[in-house]
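Inspection log for the structure reproduced underneath, given as structure tokens.
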Amino acid sequence: MPIIEVKVIQGRDRAVLGAAAKEIAKAAAKALDAPLDTVRVHVVEVAPDLWAVGDRLKSE
């Protein structure tokens, strides 16, 4: 059972995240030759003030 976790910065529309999760699941099922109903996709939203690139927070 493939389990995929996608981390994104908060702020995207939930419908967009849901559509992305579905497409990621389909792509994983195809790439891994796994039944689609065994693929799990978990989207985690992270606050911009808790996400850093180098020494800069995304909220800066």
Side-chain angles (χ1 to χ4, degrees):
M1 164 179 32
I3 301 171
I4 300 161
E5 182 172 271
V6 179
K7 293 182 181 177
V8 297
I9 297 174
Q10 285 175 333
R12 289 182 173 82
D13 184 83
R14 291 185 85 69
V16 170
L17 294 176
K22 288 181 178 184
E23 291 301 316
I24 291 165
K26 290 176 193 174
K30 181 178 178 184
L32 298 171
D33 193 27
L36 183 57
D37 64 350
T38 68
V39 178
R40 308 292 189 257
V41 178
H42 179 212
V43 178
V44 178
E45 292 183 287
V46 180
D49 59 337
L50 297 176
W51 187 300
V53 177
D55 66 347
R56 290 189 57 92
L57 295 174
K58 293 300 283 182
S59 60
E60 296 178 329

Can I get a per-line list of side-chain donor-acceptor pairs under 3.5 Å for residues 52-60, giving both atom names and the distance, sequence neighbours left out?
unit_1: Glu60; atom_1: OE1; unit_2: Leu57; atom_2: N; d: 3.1

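- The two atoms that bring Gln10 and Pro48 nearest to each other are OE1-CD, 4.0 Å, heavy atoms only.
- Among residues two or more places apart in sequence or in another chain, the side-chain contact (heavy atoms from CB on, under 4.5 Å) test is passed with Ala27 by none.
- The side chain to side chain donor-acceptor pair (under 3.5 Å) analysis of residues 27-41, with sequence neighbours excluded, yields no pairs.
- Lys26 pairs by the salt bridge (charged side-chain N to carboxylate O under 4.0 Å, His left out) definition with Glu23, not counting sequence neighbours.
- There is a path of hydrophobic side-chain contacts, each under 4.5 Å, that joins Val8 to Ile24.
- Within the hydrophobic cluster formed by Ile, Leu, Val, Met, Phe, Trp and Tyr side chains joined at under 4.5 Å, directly or through other members, Ile3 is accompanied by Met1.
- Contacts classified as side chain to side chain donor-acceptor pair (under 3.5 Å) and involving residues 44-54 (residues at least two apart or in different chains) are given here: Arg14-Glu45.
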